[in-house]
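Just the heavy atoms: all of them, side chains too, but no hydrogens, waters or symmetry mates, feed the values below.
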Amino acid sequence: MYLIINEVSLPFLTKEKCISELKQFFKLIHLADYEGIGFNRADEPLGNWNSLHYADEFIFSEWISNLDSDSSKLVKNVLSKVDCPVAFIEDNTRDTLGELIFSLSYNRDIEVASLGVAATIGSHAISFPSQEYWLQNPIPIIKNWDSYNEWKEDLINVPNIFSLDHLETYIAEITNARKTNKAYLSSLNIKDNHDFPNLIFCKNVLKNFSSSVVSINDFAKIQDVLKKLNGAILTSNNLDDLKLGLDLSISGESKTTMERAKYARQREFEHPDLGKVIFEQHVKNFEGGKRMHILADFTCKKISIGYFGSHLPTVNHHS
């Protein structure tokens, strides 16, 4: 549910082109935000919406002052409400991205790192309608990488939003995905799930899964994590084995946190067989600081899932 800003689509070639197109672009941003869609930059800060270099000789404050009242309110609403932070990318994926070069298929002299990020993390790009390059959906790009001193390349089509029609199509896709994802998570049982026979889901986490805490981005990662846990427990005899066999970040809580009764209790969930148990170990591979708390049984080769959601309070971080 995050669009990657295609920073290379700025600036507009002329001030006049910018003025004629920019109001419609802010309408896209406003509608996307209303539908719960966020915006990310690929890496380096773009600055605030009103500080971007839209075009030579274009002055943002003058442009707003010349807008009609409704348009001015809409733009100011975007400026005050809509952030554009750096996209959440796991360290290993970001390391891989650092070894790749992405360029525009039609003009390989134009590097498009943000479009490469969008393709890598399975997101859509959103482009300013500044040139013909960016008035396409999808945008074809070339991924280049060095493989044992041999330069290789691959053609990738990156979904791109630059008009209201494309955004409305994307919103419809999201709406359908939400329904499908919710239905899937709601279908999970405490035990005996076909996809995850080695996992046990506590009632608490099943409630978490059916709540608004799970975003579309979370759903894909939840499935990935559950699949990995389900397989890794079969070949693990202890926590170190489990961590070694997974491409996941798993850790326990600090000693000071667990020594405080109120924080320990917040990690205590009702297990279908064991009653109330502390689920200290947690998977951290979720954006927005979300966590999945787990309890591994290396004898029975089962992993129980107790919680999914926002980072639980600790001694150092209260909520």
Heavy-atom check, side chain of [X] versus side chain of [Y], under 4.5 Å:
X: Glu253; Y: Arg267; answer: yes
X: Asn137; Y: Ile161; answer: no
X: Leu104; Y: Asp109; answer: no
X: Asp218; Y: Ser215; answer: yes
X: Leu67; Y: Leu74; answer: no
X: Val214; Y: Asn181; answer: no
X: Val8; Y: Trp134; answer: yes
X: Leu79; Y: Ile64; answer: yes

Legend entry - Stepwise side-chain contact (heavy atoms from CB on, under 4.5 Å) check, Glu270 with Val277: CA-CA 6 Å; Glu270 189 75 28; Val277 184; over 6 Å; no
Should [X] and [Y] be counted in the same cluster of Ile, Leu, Val, Met, Phe, Trp and Tyr side chains packed under 4.5 Å apart?
X: Leu244; Y: Ile250; value: no
X: Leu164; Y: Leu22; value: yes
X: Tyr184; Y: Leu229; value: yes
X: Leu135; Y: Ile5; value: no
X: Ile110; Y: Ile4; value: yes

Determine whether a donor-acceptor pair (N or O, by modelled atom type, separation under 3.5 Å) exists between the side chain of [X] and the backbone of [Y].
X: Trp49; Y: Ser80; result: no
X: Asn285; Y: Ser249; result: yes
X: Asp241; Y: Asn237; result: yes
X: Ser72; Y: Ser69; result: no

How far does [atom1] of [X] sit from [atom2] of [Y], to the nearest 0.5 angstrom?
X: Phe128; Y: Phe12; atom1: CZ; atom2: CZ; answer: 7.0 Å
X: Leu295; Y: Ile200; atom1: CG; atom2: CD1; answer: 9.0 Å
X: Lys23; Y: Leu28; atom1: NZ; atom2: CG; answer: 13.0 Å

Modelled atom types, side-chain donor and acceptor of [X] and [Y], under 3.5 Å:
X: Asn48; Y: Ser51; answer: no
X: Tyr307; Y: Glu268; answer: no
X: Asn160; Y: Ser127; answer: yes
X: Ser130; Y: Lys17; answer: no
X: Glu111; Y: Ser103; answer: no
X: His166; Y: Thr169; answer: no
X: Thr257; Y: Ser254; answer: yes

Legend entry - Leu248, Leu246, Asn230 screened by side-chain contact (heavy atoms from CB on, under 4.5 Å) with Val225, the one that passes: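 Checked Leu248, Leu246, Asn230 against Val225; only one passes side-chain contact (heavy atoms from CB on, under 4.5 Å): Leu248.
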Heavy atoms only: give me the nearest [X]-[Y] pair and the separation to one decimal.
X: Gly309; Y: Val213; result: CA-CG2, 3.8 Å
X: Phe102; Y: Leu97; result: CE1-CD2, 3.9 Å
X: Cys84; Y: Asn40; result: SG-C, 3.6 Å
X: Phe269; Y: Gly306; result: CG-O, 3.7 Å
X: Leu52; Y: Leu10; result: CD1-CD1, 3.9 Å

Legend entry - Working for side-chain contact (heavy atoms from CB on, under 4.5 Å), residues Ser105 and Leu155: CA-CA 8 Å; Ser105 174; Leu155 177 67; 4.1 Å; yes
Are [X] and [Y] an aromatic pair by the rule of ring centers under 6.0 Å?
X: Phe25; Y: Phe162; result: no
X: Tyr54; Y: Phe60; result: yes
X: His293; Y: Phe279; result: no

Inset, instruction - Name the orientation class of the two ring planes belonging to Phe196 and Phe201 (parallel below 30°, tilted from 30 to 60°, perpendicular beyond 60°). - result: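 Correct class here is perpendicular.
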Legend entry - Parallel, tilted or perpendicular: ring planes of Trp63 versus Phe26, cut at 30 and 60 degrees: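 Judged by the thresholds at 30° and 60°, the geometry between Trp63 and Phe26 is tilted.
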Please determine if [X] and [Y] form a salt bridge, counting it only when a charged side-chain N lies under 4.0 Å from a carboxylate O.
X: Lys301; Y: Asp297; answer: no
X: Lys15; Y: Asp56; answer: no
X: Asp240; Y: Lys243; answer: no
X: Asp273; Y: Lys191; answer: yes
X: Lys73; Y: Asp68; answer: no

Inset, instruction - Assess whether atom CZ of Phe209 is packed by more than 12 heavy atoms of other residues, nucleotides or ligands within 6.0 Å. - result: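 Count over threshold, so yes.
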Inset, instruction - Might you confirm whether atom NZ of Lys302 has over 12 heavy atoms from other residues, nucleotides or ligands at distances under 6.0 Å? - result: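 Result for NZ/Lys302: enclosed.
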Inset, instruction - Apply salt bridge (charged side-chain N to carboxylate O under 4.0 Å, His left out) to the pair Arg178 and Glu173, showing each step before the final yes or no. - result: CA-CA 9 Å; Arg178 282 174 177 152; Glu173 291 172 357; over 6 Å; no
Inset, instruction - Would you please test Trp151 and Ile101 for side-chain contact (heavy atoms from CB on, under 4.5 Å) and show each step? - result: CA-CA 11 Å; Trp151 202 243; Ile101 296 175; 4.0 Å; yes
Inset, instruction - Dump the intermediate steps for side-chain contact (heavy atoms from CB on, under 4.5 Å) on Lys284 and Arg291, then the final yes or no. - result: CA-CA 5 Å; Lys284 301 187 286 188; Arg291 300 289 189 261; 3.3 Å; yes
